[in-house]
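Just below is one structure, and these are the notes that go with it.
As the structure lists them, so they are numbered: ligands from 1, and atoms in each ligand from 1. Note that the coordinates shown come from a computational prediction; the quantities given were computed from them, not determined experimentally.
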Amino acid sequence: KREKIDIEVSMEELEELAKAAGAQVLATAIQSRPAVDVTYFIGKGKVEEIKELCENLEANMVIFNDELSGSQIRNLEEEIGVDVIDRTALILDIFAQRASTKEGKLQVELAQLKYRMPRLIGLGRQLSQQGAGIGTRGPGEKKLETDRRHILKRIDDIESELKEVRKNREVQRGKRSKSEIPIVALVGYTNAGKSTLMNTLLKLSDHHDDTKEVYVEDMLFATLDVSLRRLSFPDKLDFILTDTVGFVSKLPHALVNAFKATLEEVKYADLLIHVIDASNEEYNLQKDTTLGVLNDLGVENKNIITVYNKIDKISDEALLPKEENCIHISAVTHKNIDVLIEKIRAEIGPDIIEVDLLIP
Ligand code: GDP
């Protein structure tokens, strides 16, 4: 039973991911079978069923929730007659669309090349100019037509470019820590409301500048790359706020490194704000996923303010956990944002020492 629920949740997430990539989802299908079919991944009967479904709905792409081999993709495309991609290619496509910093772009290209390498032989329609383009977009697209050796060379080049970019980032970080402005990092699951909270805090900050608003969309992965903003509040509360890439369940292995590297920023933060979507039924699972990754990064001992967001969407706030350093807010209605700012002040703000001037 639990497994069935997990599959449903995972399929819903796949739908969200597909939408985030710009696809329109016409139908979903699930197959349970004791073993994977070597040729088609799914059973031949299911292949026929999907083919018919695609013809009836005029669909031009099938997205699989699991990782497929190059030959499985080719066989499925030949049989069904539309483009076939898997979950990894889908996530990579979203990454390619959303990456904004130099490092993020390089990391996505690297992950795309590494994903495509072993599948080169199997690539049929994926390399063609037809289809919706999902799964074949991004910085790596041009190089795809070239041969293996070319790709290997490109992987090499990217790796050295990345080293250079990282070195520069260290220098920038050095500058920042010298200026002694505390760094606060927003972490949490995708769609928890990190970008929204960042924008809300920016609006309330003295330095508000509309052109710097972070990109928000009701989609997964609205934020892939780290963005930094300087904020100022009354009584000398100054800090740099950084948004981080959102976590996602069932993240393909090939993407873990790219993902963690974008979280490096978190290591240098003075304070973490862990944003949780309190209106999501799975919020406890999402919370644990996030804390697990933070643990992997070795940042479990940092000061953390746990923020349960979207309380405007839940009927009984009293049911939410009341743990240490936790707060219930709504980034949209601004409920308790003032309390959050005071909590941030308590963690990183200057100590205000009251001096009584005793004039004799
Ligand atoms: P991120 O992926 O963590 O950056 O999440 P976003 O900031 O992009 O928010 C995801 C979605 O949740 C958007 O549609 C937001 O409008 C919505 N959202 C964020 N905060 C709140 C909130 O406090 N209340 C409600 N109702 N929706 C919210």
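- The side-chain heavy atoms of Val82 and Glu77, taken from C-beta on, include no pair separated by under 4.5 Å.
- The shortest side-chain heavy-atom distance between Phe64 and Val84 falls under the 4.5 Å cut-off.
- Considering backbone and side-chain N/O atoms, Ile329 never comes within less than 3.5 Å of an N/O atom of ligand 1.
- Partners of His274 according to the ring pair (Phe, Tyr, Trp, His ring centres under 6.0 Å) rule, which considers only residues two or more places apart in sequence or in another chain, do not exist here.
- Remark: distances from the non-hydrogen atoms of Ala192 to ligand 1 include one below 4.0 Å.
- The residue among Gly188, Gly193, Ser279 with a heavy atom at the shortest distance from atom 5 (O) of ligand 1 is Gly193.
- For residues 25-39, the set of pairs meeting the side-chain hydrogen bond (donor to acceptor under 3.5 Å, both in side chains) definition, not counting sequence neighbours, is empty.
- Between Phe239 and Phe233, the ring planes are parallel. Angles under 30° get that label, and only those over 60° would be called perpendicular.
- Residue-ligand proximity, Ser330 to ligand 1, at heavy-atom distances under 4.0 Å covers atoms 22 (C), 23 (O), 24 (N).
- Of the inter-residue distances, the one linking Glu67 atom CD with Asp86 atom CG reads 5.5 Å to the nearest 0.5 angstrom.
- Using a 4.0 Å cut-off to heavy atoms of Tyr189, the atoms of ligand 1 that qualify are 3 (O).
- Heavy atoms from both the backbone and the side chain of Val332 come within less than 4.0 Å of ligand 1.
- Residue contacts with ligand 1 for Thr196 involve both N, CA, C or O and side-chain atoms from C-beta outward (heavy atoms, distance under 4.0 Å).
- When non-hydrogen atoms are compared, ligand 1 lies under 4.0 Å from the side chain of Lys313 (C-beta onward) but not from its backbone.
- Atoms of ligand 1 lying under 4.0 Å from at least one heavy atom of Lys194, given by number and element, are 1 (P), 2 (O), 3 (O), 4 (O), 5 (O), 7 (O).
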